[in-house]
Number of protein chains: 2
Amino acid sequence: MDLRKAGLKATLPRLRILETLGMANVRHMSAEDVYKALLEAGEDVGLATVYRVLTQFEAAGLVIRHNFEGGRAVFELDDREHHDHLVCTGCGRIQEFHDSVIENHQTEIADKYGFTITDHALVIYGECDDCAGR
Amino acid sequence: MDLRKAGLKATLPRLRILETLGMANVRHMSAEDVYKALLEAGEDVGLATVYRVLTQFEAAGLVIRHNFEGGRAVFELDDREHHDHLVCTGCGRIQEFHDSVIENHQTEIADKYGFTITDHALVIYGECDDCAGR
DNA sequence: ATGTATGCAAAACATTTGCACCTGG
DNA sequence: CCAGGTGCAAATGTTTTGCATACAT
């Protein structure tokens with residue numbers, strides 16, 4: 001939460017972007033989503049700044065960038081336990097989950113092939129209950 | 001392998017693109033990779049056609065499109081058992097693997113949250129042996 | 001023939017960068 | 001004050017699309 005602790009000046013745009021990502025009802029937003037939310041909130045921010053700041057936040061470990069299908073990256077505040085994602089192809093809803101058996105197996109696999117894990121991305125695509133009946 | 005069976009006319013560009021993806025030493029290529037390979041082979045093909053054809057192949061289930069980190073999609077011939085990927089962040093090398101324990105757990109997780117799996121993507125990023133010592 | 005596929009060039013996106021101006025500490 | 005941050009516009013890189021021509025059946 002503390003920008004200074006992350007080595008970043010506490011400027012207005014950075015604070016606002018962090019706030020926006022912290023809004024309980026969103027969790028996963030694209031750069032454009034953040035930008036639009038700020039404009040609607042009456043903030044005068046540039047899209048380029050949103051991209052720059054999100055990239056800095058990622059480097060500082062404040063947010064996680066996801067490359068789900070669809071061509072645009074989405075960002076999420078890195079303020080809770082590690083988890084993976086279920087993405088509904090119908091409504092776009094995102095469900096987080098954690099499975100330690102899968103996590104452990106990933107480490108085993110990396111070992112087996114001589115890789116040192118730096119990161120991993122597990123995304124399950126499917127249709128959620130609400131979308132099943134169209 | 002059979003374009004007609006997939007409902008696609010057996011045109012020269014399509015045959016060449018399929019051949020290129022089938023070259024044993026590649027497996028994972030971006031649209032541009034395929035395009036360049038064809039130009040070098042003396043084929044007169046357009047980049048737009050490569051994109052169009054790869055998208056058709058994906059829809060027909062002949063190839064799989066991956067959105068790894070890095071902004072560009074890579075394609076792989078869908079001619080073997082399902083598998084996931086280890087991607088070396090150092091040299092870009094891609095190692096395929098399969099783990100049935102992980103697969104089974106994914107199904108369980110989807111069930112638990114009421115999702116019907118249509119697809120999934122597990123990518124482990126890390127550094128391979130060869131890159132470990134820089 | 002004839003409907004579909006292709007190549008080219010232009011368009012559409014997502015994201016990045018150059019630069020003059022503004023701001024936080 | 002002054003290094004670093006920001007907004008804007010222009011540049012980039014990837015993928016898509018419109019259209020006249022070429023090709024497979």
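No hydrogens, no waters, no symmetry mates; every other heavy atom, side chains included, goes into these values. Chain naming here is simple, since letters A, B, ... match the order of the sequence lines and numbering starts at 1 in each.
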* What is the distance, rounded to the nearest whole Å, between atom CG of B:Leu47 and atom C1' of D:dT17? -> 13 Å
* To do: Whole angstrom is fine here: how far is it from OH in A:Tyr51 over to P in D:dC8?
  => 16 Å
* Mark yes or no for a side-chain to base donor-acceptor pair under 3.5 Å between B:Arg52 and C:dG7, with no hydrogen or angle criteria applied. => yes
Between protein and nucleotides 2-5 of chain D, what N or O pairs are separated by less than 3.5 Å?
from: D:dG5; atom 1: OP1; to: A:Arg14; atom 2: NH1; distance (Å): 3.4
from: D:dG5; atom 1: OP1; to: A:Arg14; atom 2: NH2; distance (Å): 2.9

* Salt bridge or not for A:Asp44 and A:Arg16, using N-O below 4.0 Å? -> no
* Structure fact -> Note: for B:Arg65 and B:Ala10 on DNA chain D, the residue whose nearest nucleotide lies more 5' is B:Arg65
* Rounded to the Å, how far apart are B:Asp44 CG and C:dC8 C1'? -> 11 Å
* **Nearest listed nucleotide, side chain of A:Thr55, among D:dT16, C:dT15, C:dT16** => C:dT16
* Interatomic distance where CG belongs to B:Leu38 and C1' belongs to C:dG7 [whole Å] -> 14 Å
* Check whether any side-chain N or O of A:Tyr125 sits under 3.5 Å from a backbone N or O of A:Glu69 as a donor-acceptor pair, and report yes or no. => yes
* To do: Check every atom of D:dT25, D:dT16, C:dT16 against the side chain of B:Arg4 and return the nucleotide holding the closest atom.
  => D:dT25
* Asked: B:Val26 and B:Ile94: same hydrophobic cluster, using ILVMFWY side-chain contacts below 4.5 Å?
  -> no
* Can you check the B:Glu43 CD to C:dG7 C1' distance for me, whole Å? -> 14 Å
* Please state whether the rings of A:His85 and A:His28 are parallel, tilted or perpendicular, taking 30° and 60° as the class boundaries. => perpendicular
* Asked: Expressed in angstrom and rounded to an integer, what is the separation of B:Asp33 atom CG from D:dT15 atom C1'?
  -> 15 Å
* If you fit an axis to the five pairs at each end of the helix from C:dA1-D:dT25 to C:dG25-D:dC1, how big is the angle between those two axes, to 10 degrees? -> 40°
* Sub-3.5 Å donor-acceptor pair from the side chain of A:His98 to the main-chain atoms of A:His82, do we have one? -> yes
* How long is the line joining CZ of B:Arg16 and P of C:dT6, in whole Å? -> 13 Å
* Could you state the CG-C1' distance from A:Leu15 to D:dT6, rounded to the nearest angstrom? -> 14 Å
* To do: Would you mind classifying the nucleic acid contact of A:Ala31 as base, sugar-phosphate or nothing, using non-hydrogen atoms under 4.0 angstrom?
  => nothing
* Asked: For the side chain of B:Thr89 and the backbone of B:Gly126, is there at least one donor-acceptor N/O pair under 3.5 Å apart?
  -> yes
* Asked: Taking the side chain from A:Asp111 and the backbone from A:Glu108, do they hold a donor-acceptor pair closer than 3.5 Å?
  -> no
* Spacing of A:Glu43 atom CD and A:Thr49 atom OG1 [to the nearest 0.5 Å] -> 12.5 Å
* Between B:Ser30 (side chain) and B:Asp33 (backbone), is there a donor-acceptor pair under 3.5 Å? -> yes
